[in-house]
Amino acid sequence: MWKPADRIRFRAQPGPWPTREEAAQARLFQSIPLGPTLLNECTWVPAMVPWRATETGFVTDDVLAWYRRFAEGQPGAIVVEATGVSDVASGPLLRICDDRFLEGLKTLVDTVREASHGRTRLFIQLIDFLSIRRRPAREKYFRRFLKITPEHRVRLDQVLAPEASVREILMGLTLEELATVLTARELDDLNVGFRERVTDTHAAHIADLPRVLPQIFARAARRAELAGFDGVELHYAHAYTMASFLSALNTRLDGYGGARAQRVLLPLEVYQSVRSAVGGKFAVGCRFLTDDCIAGGSNIDDAIYFAIEFARAGMDFLSLSRGGKFEDAKQPREGEAAYPYTGPSGYECMPQYLSDKFGPFGRNIEPSARIRAAVRAEGFATPIVVAGGIHGFQQAEQILATGRADIIGFARQALADPDWFTKVREGCGAAVRVCEYTNYCEGLDQKHKQVTCQLWDREARDDAGVNLSRDGRRRLVAPNWDRE
Ligand SMILES: Cc1cc2nc3c(=O)[nH]c(=O)nc-3n(C[C@H](O)[C@H](O)[C@H](O)COP(=O)(O)O)c2cc1C
Ligand code: SF4
């Protein structure tokens, strides 16, 4: 993972924990209405992909065990990992693009209801993504993938040469020389691998996205409702299709790119289509970015504009993340695909303990506060969910007390200790396993390995009923809280 140049080592400092009585009075543990539903407390486990579905996107026993473990801590809400709305191969990521996935998803809902004694509301994150290929070997790229154009021939002064010899000449050029012959996009395809963009409107299926996506998302949301979820979170964040429509890098000329009002159009149309496909008791919100954190991308002013539009449209919650883009991702090795959380914007999304002077805890808090204030100033009460480095009770309580957000997201902290919520609520905060923000878990995610936490995955591996990772080295869920 990328690290800032001026690395300062930070340690998570959760501060004092409340007694049971103090916790009972705390804002964090009061209920909060969220559209048609009610969270029992202002705590939220944001979406985290654990790489446990089948290769064809079905719920497995390991998926159930993962969510059961979070539900045992009884947070206000859990958002199930990014789940594909389109029927495309995507490895062990959940899918919701067809009725064949319903049964597994119903079991997942039942599992969370039972494990949380009905205290935790369950949402599912709906994602669409475009295709991405692995970085090609140089030879393959020049011999097979690159389409030789008249422009290449002119730049190489090889107008009449047979195509095979043009390819051979290109093979022999240095990267600097190639930069004068290939387009920026072709260079990118060579250096990091081909990746579709929402601006590739020369491709019919990309041009068609605004026509097809609203219905695709709507059908997925309806399935989520049938499966028994309390609502959906439309994934408008990070490196994926909908976030790319919102991004200032979206220069589409068909009315869905360019100015903010056009970039937000498809996300609003998707939302309207989803809303009209589901009943009044089903919550619909979205997750989007306070800042793309890349050159030329959307910034906080764009995010404020989008937030107001989403609130005006009637969304039930706005969950805020930041960064996580492909544009500044690390160059992958040949044969591997680029990963959106490996550059500076990825760092903003999941900040690590080695940080710059702003530190890893709360980089998203001030932007969230600005967004919330702007939404409130327009007269909307839409709850704002913030996440990013939050691990302490006081830190969370202060965010709420100062009106910077309405609901607190704990992603890695909940992975480090799914019982955080119960422990703090019961006055046993001292027993919390505090996340160290090492991003060991994120490293596993990058390699598409089953995600675990280094604070517990080697513990009591031989105990009865403990499921281990495919390599047999790590337990897959956190040990139970031993209250003794
Ligand atoms: C292993 C892992 C998987 C993640 N998967 C998703 C995801 O599916 N969807 C999403 O919006 N964010 C995802 N995230 C980002 C988190 O939801 C969260 O925004 C981020 O970790 C920052 O919050 P934290 O500091 O509380 O961990 C993931 C994070 C981790 C560590
Ligand atoms: S591996 Fe565990 S301690 Fe490290 S960042 Fe992930 S959740 Fe936190």
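Just follow the structure's listing: the first ligand is 1, and inside any ligand the first atom is 1. Computed from heavy atoms alone, side chains included, the values below leave out hydrogens, waters and symmetry copies.
Every residue two or more places apart in sequence or in another chain that forms a side-chain contact (heavy atoms from CB on, under 4.5 Å) with Leu93 is listed here: Val49, Trp51, Ser90.
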Close N/O pairs between ligand 1 and protein, under 3.5 Å:
from     : atom 1 : to     : atom 2 : distance (Å)
ligand 1 : 5 (N)  : Val49  : N      : 3.1
ligand 1 : 8 (O)  : Ala82  : N      : 3.3
ligand 1 : 9 (N)  : Gln125 : OE1    : 2.8
ligand 1 : 11 (O) : Gln125 : NE2    : 2.9
ligand 1 : 11 (O) : Arg287 : NH1    : 2.8
ligand 1 : 12 (N) : Ala47  : O      : 3.4
ligand 1 : 12 (N) : Arg287 : NH1    : 3.0
ligand 1 : 14 (N) : Ala47  : O      : 3.4
ligand 1 : 17 (O) : Ala47  : O      : 2.8
ligand 1 : 17 (O) : Arg287 : NH1    : 3.0
ligand 1 : 19 (O) : Arg287 : NH1    : 3.3
ligand 1 : 19 (O) : Arg287 : NH2    : 2.9
ligand 1 : 25 (O) : Gly389 : N      : 2.6
ligand 1 : 25 (O) : Arg412 : NE     : 3.4
ligand 1 : 25 (O) : Arg412 : NH2    : 2.7
ligand 1 : 26 (O) : Ala411 : N      : 2.9
ligand 1 : 27 (O) : Arg412 : N      : 2.9
ligand 1 : 27 (O) : Arg412 : NE     : 2.7

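Residues Phe410 and Phe421 place their aromatic rings such that the two centres sit under 6.0 Å apart.
Ring-plane geometry between Tyr256 and Phe245 is classed as perpendicular, the angle between the planes exceeding 60 degrees on a 0 to 90 degree scale with a lower cut at 30.
For the residue pair Pro360 and Tyr353, the shortest heavy atom distance occurs at CG-CA, 4.1 Å. Annotation for Arg113 and Thr120: closest pair NH1-O, 4.0 Å, computed over non-hydrogen atoms.
Around atom 6 (Fe) of ligand 2, protein atoms of type N, O or S found under 2.8 Å number 1.
Side-chain contact between Phe129 and His235: absent, with no pair of heavy atoms (C-beta onward) separated by less than 4.5 Å. Put simply, the side chain of Glu196 does not reach to within 4.5 Å of the side chain of Ile132, judged on heavy atoms.
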Give the table of side-chain donor-acceptor pairs shorter than 3.5 Å for residues 389-401, with sequence neighbours excluded, one pair per line with atom names and distance.
from   : atom 1 : to     : atom 2 : distance (Å)
His391 : ND1    : Gly389 : O      : 3.0
His391 : NE2    : Gln13  : N      : 3.2
Gln395 : OE1    : His391 : N      : 2.9
Gln395 : OE1    : Gly392 : N      : 2.9
Gln395 : NE2    : Gly389 : O      : 3.3
Glu397 : OE1    : Arg27  : N      : 3.4
Glu397 : OE1    : Leu28  : N      : 3.0
Glu397 : OE2    : Arg27  : N      : 2.6

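Between the side chains of Thr290 and Arg322, at least one donor N or O lies within less than 3.5 Å of an accepting N or O.
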